[in-house]
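Below is one structure, written out as structure tokens; comments come after it.
What's counted below: heavy atoms across the whole structure, side chains too, no hydrogens, waters or symmetry copies. Lettering of chains follows the sequences in order, A, B, ..., and the numbering in each one begins at 1.
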There are 2 protein chains.
Amino acid sequence: MALDFDNCYRALAARDRNFDGRFFVGVKSTRIYCRPICPARTPRRDRCSFYATATEAEAAGFVPCLRCRPELAPGNASVDAKAQLAKRAAVMLEKNAGLRIETLAARLGVTARHLRRALRDELGLTPTQLRQRSRIAKAKQLLQKTKLPLTRIAYDSGFASLRRFNAVFRQLEGRAPSALRKAR
Amino acid sequence: MALDFDNCYRALAARDRNFDGRFFVGVKSTRIYCRPICPARTPRRDRCSFYATATEAEAAGFVPCLRCRPELAPGNASVDAKAQLAKRAAVMLEKNAGLRIETLAARLGVTARHLRRALRDELGLTPTQLRQRSRIAKAKQLLQKTKLPLTRIAYDSGFASLRRFNAVFRQLEGRAPSALRKAR
DNA sequence: AATCTCGCCGCTTTCGGACGCGACAGTGGA
DNA sequence: TCCACTGTCGCGTCCGAAAGCGGCGAGATT
């Protein structure tokens, strides 16, 4: 699909994430240029001009927006904070599956409330769900790649009790842990 | 209307301002008591008990809510901040009709954005509209009680130009300044 | 002939949209 | 009984659009 004016404006109006980095928009009334995903309200069509790179927009006399920071590498702007946070939370949980949500949030520098919002928006999961997925993923590895007893696996994958391990496993995988191992 | 359980619960669910101060609600699950206008989510009906005074609720073992501060005189809680802010803004504009919104907000200790929201929610007006009403009210006084020339009145009521005075007066009063004077 | 009014017009301000992130209370699940 | 999760707000940031502002004059009024 060609990056012509119409397609760019449509992507801009929709804040379509797929177009982030593929073009930039300069707004005549403010002399500011943005990434297409910028949360600022959509500019009037007749005040937009589109550029393939930040450099070109800059050359045309536009100043970078302070929210989406089109002049920086993606991921460093405040507008990317939520996605960044979700990613970091996932990584931390991977490493340490027995972490209280409150503690996790504190380590990430936000409140638990905000962490939950970020995960909901980015992954559609609550922190607990994310943690359980981590644990079960690890458990499946161990189940298939080792011959460790289930009790051991439950602990190693972050569960504090066998009972929870069995319950969660069944809920996410639809069958008991031993069934998976048996099926090889 | 009697302050029975049903009426209290209805008022609570509606956060009806008219009932503020008339009763207090204790919530069993949290052992906290609130004013009926508290922004916290409405408690389940079967966990509510109602009291006529804060003291009674306290005596029943409830702890005061930190948001609506039922133990304080109304107006001192954070939940009353918006109404307070709106009132103070109106007073300041009355005194000093030639104040930039940004400056006014700063003096009140908030951002202009927040001041606008507060005025919208409390009075249904933008700061400018409020200011213009102040100015026009003062102008009407002078028009009817004195024989000062319009130029003078415009300045005294806070306008910085005759041009704006005429325009705003017409907009709010539906006629030109001289028309009011003529009509006595 | 003063004094008023009001259209035109560039320049500022103001206003609202869309988020970020915090606080606190209430519910429900393990 | 904790802990996790959600509802409901407060208040901040930044941006784009819209409105306000105040000269300049030309009619209109008195």
Output, in order, the C-alpha distance, side-chain angles, deciding distance and verdict of salt bridge (charged side-chain N to carboxylate O under 4.0 Å, His left out) for B:Glu94 and B:Lys138.
CA-CA 9 Å; B:Glu94 206 94 4; B:Lys138 186 177 289 188; over 6 Å; no
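In the set C:dG17, C:dA25, D:dT6, C:dA25 carries the atom at the smallest distance from any side-chain atom of B:Leu66. In this structure, the nucleotide among D:dA4, C:dA25, C:dC19 sitting nearest to the side chain of B:Ala40 is C:dA25.
Remark: A:Lys82 is in phosphate contact with C:dG20, judged by side-chain N or O atoms under 4.0 Å from OP1 or OP2. Neither OP1 nor OP2 of D:dC15 sits under 4.0 Å from any side-chain N or O of A:Thr30. Note on B:Ser161: every side-chain N or O is 4.0 Å or more away from OP1 and OP2 of D:dC21. The side chain of B:Ser178 contributes no N or O atom lying less than 4.0 Å from OP1 or OP2 of D:dT29. Neither OP1 nor OP2 of D:dA4 sits under 4.0 Å from any side-chain N or O of A:Thr128. A sub-4.0 Å separation between OP1 or OP2 of C:dC6 and a side-chain N or O of B:Arg164 is absent. Side-chain nitrogen and oxygen atoms of B:Ser29 include at least one within less than 4.0 Å of the OP1 or OP2 phosphate oxygen of C:dT27. Checking the phosphate oxygens (OP1, OP2) of C:dG20, no side-chain nitrogen or oxygen of A:Gln84 falls inside 4.0 Å. Here B:Arg47 reaches the OP1 or OP2 of C:dT27: one of its side-chain N or O atoms lies under 4.0 Å away. Residue B:Arg170 places none of its side-chain N or O atoms closer than 4.0 Å to OP1 or OP2 of C:dT5. Distances shown here put a side-chain N or O of A:Arg15 below 4.0 Å from the OP1 or OP2 atom of C:dC19. Contact check, A:Arg100 against D:dC3: a side-chain N or O comes under 4.0 Å of OP1 or OP2.
Rounded to whole angstrom, the span from the CZ atom of B:Arg135 across to the P atom of D:dG20 amounts to 12 Å. Look at CZ on B:Arg41: it is 18 Å from P on C:dC24, rounded to the nearest Å. Following rounding to the nearest Å, B:Asp121 (CG) and D:dC9 (P) show an atom-to-atom distance of 10 Å. Between the CG atom of B:Leu162 and the P atom of C:dT3 there is a distance of 12 Å, given to the nearest Å. Distance CZ (A:Arg163) to C1' (C:dG29): 14 Å, rounded to an integer number of Å. Here the C1' atom of nucleotide C:dG20 and the NE2 atom of A:His114 are 6 Å apart, to the nearest Å. In this entry the distance linking CZ of B:Arg117 with P of C:dG16 reads 11 Å, nearest Å. In this entry the distance linking CG of B:Leu99 with C1' of D:dG20 reads 16 Å, nearest Å.
At the heavy-atom level, A:Cys38 lies nowhere under 4.0 Å from the strands shown. Looking at heavy-atom distances under 4.0 Å, B:Arg131 makes contact with sugar-phosphate atoms alone, never a base. B:Thr151 comes within contact range of the sugar-phosphate backbone alone, with a heavy-atom separation under 4.0 Å but no base atom that close. Residue A:Gly109 is classed as a sugar-phosphate contact, given heavy-atom separations below 4.0 Å to backbone atoms only. At the heavy-atom level, B:Gln171 lies nowhere under 4.0 Å from the strands shown. Residue B:Val110 is classed as a sugar-phosphate contact, given heavy-atom separations below 4.0 Å to backbone atoms only. If you check every strand for non-hydrogen atoms under 4.0 Å, B:Ala160 touches sugar and phosphate atoms only.
In this structure a side-chain-to-backbone donor-acceptor pair under 3.5 Å is present from A:Gln129 to A:Thr126.
A salt bridge links B:Asp156 to B:Arg152: one of the charged nitrogens lies within less than 4.0 Å of a carboxylate oxygen. Under the 4.0 Å criterion applied to side-chain N and carboxylate O atoms, A:Lys87 and A:Glu122 are not assigned as salt-bridge partners. Looking at B:Arg10 and B:Asp6, no side-chain N of the basic residue comes within less than 4.0 Å of a carboxylate O on the acidic one, giving no salt bridge.
Position along DNA chain D of the nearest nucleotide to B:Leu115 versus A:Arg45 favours B:Leu115 as the more 5'-ward residue. Across the interface with DNA chain C, nearest-nucleotide mapping of B:Gln129 and B:Cys34 shows B:Gln129 to be the residue nearer the 5′ end. In terms of position along DNA chain D, the nucleotide closest to B:Thr42 lies nearer the 5' end than the nucleotide closest to the other residue of the pair B:Thr42 and B:Ala81. Toward the 5′ end of DNA chain C lies the nearest nucleotide of A:Ala112, the other residue of the pair B:Cys65 and A:Ala112 mapping further downstream.
Taking the six-membered ring for Trp, B:Phe23 and B:Tyr51 have ring centres at least 6.0 Å apart.
With hydrogens and angles left out, the side chain of B:Arg113 and the base of C:dG17 share a donor-acceptor pair within 3.5 Å.
Proximity of A:Pro43 to A:Leu12: side-chain heavy atoms (C-beta onward) are separated by under 4.5 Å at one or more points.
Sorted by first and then second residue, the ring pair (Phe, Tyr, Trp, His ring centres under 6.0 Å) pairs involving residues 128-169 of chain A (not counting sequence neighbours) are A:Phe159-A:Phe165, A:Phe165-A:Phe169.
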